[in-house]
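Report on one structure; see the data block that follows.
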Amino acid sequence: MARAVQVTTDSRRRTVGVLRLANHVTIRLPAVMGVLNVTPDSFSDGGRYLDPDRAVERALLMAREGAQIIDIGGESTRPGARELPVEVECERVLPVIRKLAGRLNRPISIDTRKAIVAEQALEAGAAIVNDVSAMTFDSAMASVVARYRASVVLMHMRGTPATMQHLARYRDVVGEVCRYLARRARAAQAAGIVRSRIILDPGIGFAKQTSHNLKLLAGLSRLGRLGYPILVGVSRKNFIRQIAGAEQEQLMFGTAAAVSLAIGAGAAIIRVHDPGPMAAAVRVAAAIYAAQI
Ligand code: HH2
């Protein structure tokens with residue numbers, strides 16, 4: 001059973017402890033999730049890991065650098081991206097998961113909106129389904145997750161990657177995201193997924209303008225009050241590019257700043273492209289916040 005322990009100190013609330021996945025696998029929180037996009041067109045690492053052997057090497061390297069989870073995706077969800085046929089997505093991710101299953105001593109997460117892809121990935125050894133549509137895209141997703149006793153990341157977005165940036169209008173972005181994710185978590189439990197297997201994600205960059213991303217990160221502790229572990233994906237995203245600049249170092253340090261503050265606001269898992277440097281940032285941020293208790 002997954003369990004994230006909420007500790008409240010004065011006005012601050014943080015997630016500490018461990019996350020329990022299927023098959024008695026545990027992850028110490030806060031944890032780093034390394035991104036592995038097996039796609040030609042992802043906004044940051046597109047085209048670099050389409051070859052399964054290169055993808056496997058990259059996953060193993062990320063694990064050595066400090067990633068506790070490897071998140072594998074075959075379909076880009078960058079703004080404007082079009083939906084991919086399910087067969088193509090399977091052809092991209094499954095060989096990598098199968099090759100990794102015997103070699104990687106870290107849980108694998110499958111980044112997909114499609115139940116068939118999720119099911120085959122879980123069958124091949126994945127333990128977490130990372131669904132950016134919060135299981136709204138495919139009505140069969142919840143039953144697959146429940147049947148395999150997988151953990152699931154429910155992320156907030158609106159529309160699809162192709163339409164989402166036209167839907168970035170909110171009165172109270174933090175409140176609306178919290179209410180939406182609370183609803184999706186209830187729906188997941190109604191479909192048979194146990195509460196302790198649910199992880200929530202505000203969906204930074206998905207149907208959000210820069211101001212929305214900043215408000216969500218500043219108000220992250222409100223999301224934590226729902227009582228689920230929070231995953232945050234800020235790595236190299238456009239709002240960091242806009243604020244810090246597009247050079248590699250600017251993106252890296254900008255990401256580290258956002259990661260550190262997210263940890264301080266209670267994030268349990270951070271999803272990043274550079275697990276080595278970000279694991280260091282997480283360790284320091286987590287140590288400082290632990291000293292407040
Ligand atoms: N961001 C991306 C993809 N999947 N999943 C979660 N839970 N949270 C995120 O913030 C998130 C995500 C986008 O980043 P990336 O995978 O690098 O790009 P692309 O979608 O173009 O492959």
Side-chain angles (χ1 to χ4, degrees), residues 19 31-50 55 58-59 62 67 69-84 88-89 92-93 96 107-114 117-118 121 126 128-137 141 145 150-162 164-165 177 180-181 184-185 188 198-208 212-213 216-217 220 223 228-241 248 251-252 255 258-259 262 267-275 278:
L19 195 64
V32 171
M33 171 187 264
V35 179
L36 182 61
N37 287 314
V38 192
T39 64
D41 55 345
S42 288
F43 76 90
S44 174
D45 56 353
R48 292 175 69 184
Y49 308 112
L50 256 181
R58 176 68 189 154
M62 287 198 291
I69 307 167
I70 304 294
D71 187 43
I72 302 180
E75 179 186 59
S76 172
T77 48
R78 72 186 189 287
R82 305 273 287 274
E83 192 190 327
L84 200 66
V88 180
E89 201 177 326
R92 288 182 185 171
V93 295
V96 180
I108 293 172
S109 152
I110 174 70
D111 186 348
T112 188
R113 300 177 288 168
K114 302 187 189 100
V117 180
I128 303 171
V129 176
N130 174 20
D131 185 342
V132 298
S133 82
M135 305 198 299
T136 60
F137 180 81
M141 183 64 103
V145 172
S151 295
V152 64
V153 180
L154 302 175
M155 197 196 80
H156 175 273
M157 73 181 291
R158 282 178 174 171
T160 64
M164 64 186 179
Q165 287 315 100
V177 167
Y180 173 87
L181 289 176
R184 294 310 304 154
I198 297 171
I199 299 159
L200 303 182
D201 180 341
I204 300 299
F206 287 82
K208 316 281 182 333
H212 302 133
N213 294 322
L216 280 166
L217 289 167
L220 202 63
L223 187 54
Y228 299 87
I230 305 299
L231 184 150
V232 178
V234 288
S235 187
R236 304 183 192 170
K237 284 197 174 159
N238 206 29
F239 80 101
I240 291 181
R241 199 172 288 261
Q248 204 184 327
L251 284 174
M252 182 89 87
T255 299
V259 159
I269 304 174
I270 57 132
R271 181 182 180 278
V272 293
H273 299 87
D274 309 286
M278 295 313 147

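Read the numbers this way: they start at 1 and go in the same order the structure lists the ligands and their atoms. For the numbers below, each heavy atom of this structure counts, side chains included, while hydrogens, waters and symmetry mates do not.
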task = List every atom of ligand 1 that sits less than 4.0 Å from any heavy atom of L231, numbering the atoms from 1 in the order shown and giving each element.
result = 7 (N)
remark   = Any heavy atom of M155 under 4.0 Å from ligand 1? The part involved is side chain
query = Any nitrogen or oxygen of T77, main chain or side chain, under 3.5 Å from a nitrogen or oxygen of ligand 1?
reply = yes
ask   = Closest non-hydrogen protein atom to atom 22 (O) of ligand 1, residue and atom name please, with distance?
value = S42 OG, 2.5 Å
ask   = Looking only at protein heavy atoms, which one is nearest to atom 14 (O) of ligand 1, and how far off is it?
value = F43 CE2, 3.2 Å
inquiry  = Can you report which non-hydrogen protein atom sits closest to atom 4 (N) of ligand 1, along with the distance?
reply    = D111 OD2, 3.0 Å
Protein contact to atom 6 (C) of ligand 1 [nearest heavy atom, distance to 0.1 Å] = D201 OD2, 3.1 Å
task = Among all protein heavy atoms, pick the one closest to atom 2 (C) of ligand 1 and tell me residue, atom and distance.
result = R271 NH1, 3.4 Å
task = Check for a donor-acceptor pair, side chain of N213 on one end and backbone N or O of G205 on the other, with a separation under 3.5 Å.
result = yes
task = Report yes or no: does R184 contribute a side-chain atom to a donor-acceptor pair with the main-chain N or O of A134 at less than 3.5 Å?
result = yes
message = Within the 4.0 Å heavy-atom shell around V132, which atoms of ligand 1 are there?
response = 4 (N), 5 (N), 12 (C)
ask   = Under 3.5 Å, N or O to N or O, is S76 touching ligand 1 that way?
value = yes
query = Can you tell me how far CD1 of I270 sits from CD1 of I69, rounded to the nearest 0.5 angstrom?
reply = 10.5 Å
key: Separation between OG1 of T136 and CG of D131, rounded to the nearest 0.5 Å   = 7.0 Å
Short side-chain donor-acceptor distance under 3.5 Å, T112 and E89 = yes
query = Rounded to the nearest 0.5 Å, how far apart are CG of L200 and CG of L154?
reply = 6.0 Å
inquiry  = Determine whether a donor-acceptor pair (N or O, by modelled atom type, separation under 3.5 Å) exists between the side chain of K237 and the backbone of S235.
reply    = no
message = If we only consider heavy atoms of H273, is any one of them less than 4.0 Å away from an atom in ligand 1?
response = yes
inquiry  = I'd like to check which ligand 1 atoms, numbered from 1 as shown, lie under 4.0 Å from a non-hydrogen atom of V153.
reply    = 7 (N)
key: N or O contact, D71 vs ligand 1, cut-off under 3.5 Å   = no
query = Would you say the side-chain atoms of R236 pair up with the backbone N or O of D274, donor to acceptor, closer than 3.5 Å?
reply = no
message = Tell me if the CZ atom of R48 is crowded by more than 12 foreign heavy atoms within 6.0 Å.
response = no
task = Run the contact test for T39 against ligand 1 with a 4.0 Å cut-off on heavy atoms, strictly below, and give the result.
result = no
ask   = Taking N or O atoms only and a 3.5 Å limit, does K237 qualify as a polar contact for ligand 1?
value = yes
request  = Mind checking the CD1-CD1 spacing from I204 to I240? Nearest 0.5 Å is all I need.
outcome  = 9.5 Å
inquiry  = Is it the case that the side chain of E75 and the backbone of L84 share a donor-acceptor pair, with hydrogens and angles ignored and the cut-off at 3.5 Å?
reply    = yes
inquiry  = Which residue and atom name correspond to the protein heavy atom nearest atom 5 (N) of ligand 1, and how close is it?
reply    = N130 ND2, 3.1 Å
inquiry  = I'd like to check which ligand 1 atoms, numbered from 1 as shown, lie under 4.0 Å from a non-hydrogen atom of N37.
reply    = 15 (P), 16 (O), 17 (O), 18 (O), 22 (O)
note = If we number the atoms of ligand 1 from 1 as shown, the ones under 4.0 Å from a heavy atom of G233 are 10 (O)
